[in-house]
Amino acid sequence: MRTYTQLPKWPLIAMLILLAGYTYYAMLGLTFLTQSSFVSIIQLCVFVLAIVVLVMYGYIPLHSKMNKMWMCWLLYYVIVFFLLGLRGKGISDFFQVCFAPATYFIGYCISSKLTKATHLSSLWAIPIMVIAAYIIQISSALRQIDMNDADAIAANNLYFFMLCITPFVFMLKNNTLKNVLLLVSVVFCITTVKRSAFIAMALIVVLYAYYLLFMNKQQIGTSKYIFLLLFICGGYYLVSNNLSSATEVIIGRMDSMGEDQGTGRIPLYQDVISNMTYRNDLPAWVVGNGKGSIYATGHTNAHNDALQMLYEFGVVGLFLYLWLIILILKRTIYLFKKKHPLFMPYAASVIITIMLGLVSNLVVFYSYFAFITALWGIVEGTLYQELTEKQ
């Protein structure tokens, strides 16, 4: 009996239900500027599900560098929260910061011992994107999204939920469905006029075009060129006829980046660094000031993952973050060289991680980042299953 068939598929289905519920309540919270207790409950449930899956797996899987990194990440959070007492607002914050690592281990354990895990998990994109589109429409109808001022209120960040689930679209086997969902994501990206999301999506679309033309061996002959031409023409028609005002706003915001310094990003970075230099003693430099301590600078976040990790979790936290970036870049290169079918979804997730990490918040927002870590776990588990089969 093959070892990779030992685990059932229900944990992946359970995680889909939990992530769909999380998407709904978290996005509603951004829309109405409130916080539902269901968000914390779901994060707790995902953490418990991860423990159950690890028990089912039989042991802690430390046979890959990515697994070791996430285990070190979790261990460090335990030390910071329970031994050093830097808990943020309370114990619920612990489950919040463990949300993304938990989805990673669920994805890894199940996909490493379950056939067709990638196909099953690719279906996550459909319900979560539908929920995200629905909430964005509600928010827009309630004027929570103002296309003339994309940074006016938090609700403009709603699109990031859809953006972070978009890499799963590239795992779908149905090309028509895949391309329709991608186009939907592009349209919502334009209507919410977030510069960081727009740049990330533009890079993903360009990479997808390259993938279709030069890497995808399933589509042969002229069919892929015809599809690409139709996709570009259809997208241009849709944007020019229905989204012209949003496009003009995006272009205007891109042009103004030099004048507003990325909506005040550079002065913000300088202020956070100045605060660290003034406030931090040696222990604070090493282990940080605790989750949520960034508020002491007078800012809600640092708009840069590396900088906020340094402030809240010290040099150790920054090291873990950089370790993560190095590992995902190496994995992207590996998948590219192998021309692996999972290259496109993985590369899309890496583009989002780096782009949002540079000028926004992803890792330290402890929210939709869990979609991406789930995908990484599924990819790592699938690769481990393939290696086991060869051996």
Side-chain angles (χ1 to χ4, degrees), residues 1-9 11-13 15-16 19 50 53-54 56-74 100-125 164-173 178 204 207-208 210-211 214-218 320 323-354 369-391:
M1 182 177 181
R2 294 175 292 183
T3 58
Y4 63 77
T5 60
Q6 291 178 353
L7 292 185
K9 62 183 178 181
L12 281 180
I13 299 174
M15 187 157 69
L16 166 60
L19 291 181
V53 169
L54 284 171
M56 292 169 57
Y57 193 85
Y59 61 93
I60 298 177
L62 296 179
H63 35 244
S64 80
K65 292 180 180 179
M66 182 70 90
N67 291 5
K68 292 176 182 177
M69 187 279 302
W70 280 118
M71 195 55 65
C72 289
W73 196 298
L74 280 172
T103 63
Y104 172 85
F105 279 112
I106 294 170
Y108 178 86
C109 292
I110 300 302
S111 63
S112 64
K113 291 193 174 184
L114 175 69
T115 57
K116 298 182 180 179
T118 54
H119 173 65
L120 178 62
S121 57
S122 69
L123 301 177
W124 291 3
C164 288
I165 202 64
T166 297
F168 281 90
V169 169
F170 296 107
M171 295 169 65
L172 290 166
K173 291 185 177 181
K178 178 193 306 181
I204 290 171
L207 181 63
Y208 185 46
Y210 173 83
Y211 175 80
F214 303 107
M215 292 185 64
N216 188 6
K217 300 300 183 180
Q218 294 180 347
L320 290 171
W323 187 7
L324 169 66
I325 298 301
I326 291 171
L327 288 178
I328 61 176
L329 288 175
K330 284 185 175 181
R331 179 58 75 204
T332 304
I333 294 172
Y334 170 83
L335 293 172
F336 174 78
K337 289 181 177 179
K338 295 291 184 179
K339 295 185 177 180
H340 199 281
L342 291 174
F343 165 74
M344 190 60 223
Y346 199 91
S349 72
V350 172
I351 289 173
I352 293 168
T353 301
I354 293 176
F369 182 49
F371 301 162
I372 289 179
T373 52
L375 183 141
W376 291 343
I378 291 165
V379 170
E380 291 296 322
T382 301
L383 293 177
Y384 179 72
Q385 181 189 129
E386 292 174 355
L387 179 62
T388 302
E389 288 179 337
K390 290 180 180 179
Q391 293 176 344

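As the structure is a computational prediction, the values presented were derived from the model and not from experiment.
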Q: Apply ring-ring contact (aromatic ring centres under 6.0 Å, His included) to Y334 and F336, showing your working.
A: CA-CA 5 Å; Y334 170 83; F336 174 78; over 10 Å; no
Q.
Using side chain to side chain contact (heavy atoms under 4.5 Å, CB included), reason through H119 and L172 one step at a time and then give a plain yes or no.
A. CA-CA 7 Å; H119 173 65; L172 290 166; over 6 Å; no
Q | side chain to side chain contact (heavy atoms under 4.5 Å, CB included) between M71 and K68, intermediate numbers included | A | CA-CA 5 Å; M71 195 55 65; K68 292 176 182 177; 5.7 Å; no
Q: Carefully, step by step, assess S122 and K173 under the rule side chain to side chain contact (heavy atoms under 4.5 Å, CB included).
A: CA-CA 9 Å; S122 69; K173 291 185 177 181; over 6 Å; no
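In plain terms, the two heavy atoms of I328 and T353 that are nearest each other are CD1-CG2, 4.2 Å.
Atom OG1 of T118 is separated from atom CE of M171 by 5.0 Å, given to the nearest 0.5 angstrom. Here I106 contributes atom CD1 and Y57 contributes atom OH; the two are 14.5 Å apart, rounded to the nearest 0.5 Å. Considering CD1 of I351 and CG of L207, their distance stands at 5.0 Å, rounded to 0.5 Å.
Every side chain to side chain contact (heavy atoms under 4.5 Å, CB included) that I354 has, sequence neighbours left out, goes to L329, V350, L358.
Using a 4.5 Å cut-off on side-chain heavy atoms (C-beta onward), L120 and I110 make no contact. A 4.5 Å side-chain heavy-atom check between I204 and M344 finds at least one atom pair inside the cut-off.
The aromatic rings of Y104 and Y108 lie parallel to each other, their planes meeting at an angle below 30°, with 60° marking the opposite boundary.
Remark: aromatic rings of F371 and F168 are distant, center separation not under 6.0 Å.
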Please list every donor-acceptor pair under 3.5 Å in which a side-chain atom of residues 372-384 meets a protein atom from a residue at least two apart or in another chain.
from : atom 1 : to   : atom 2 : distance (Å)
T373 : OG1    : A100 : O      : 2.9
T373 : OG1    : T103 : OG1    : 2.7
T373 : OG1    : F369 : O      : 3.4
T373 : OG1    : A370 : O      : 3.1
W376 : NE1    : S349 : OG     : 2.8
E380 : OE1    : R331 : NH2    : 3.0
E380 : OE2    : R331 : NE     : 2.7
T382 : OG1    : I378 : O      : 2.7

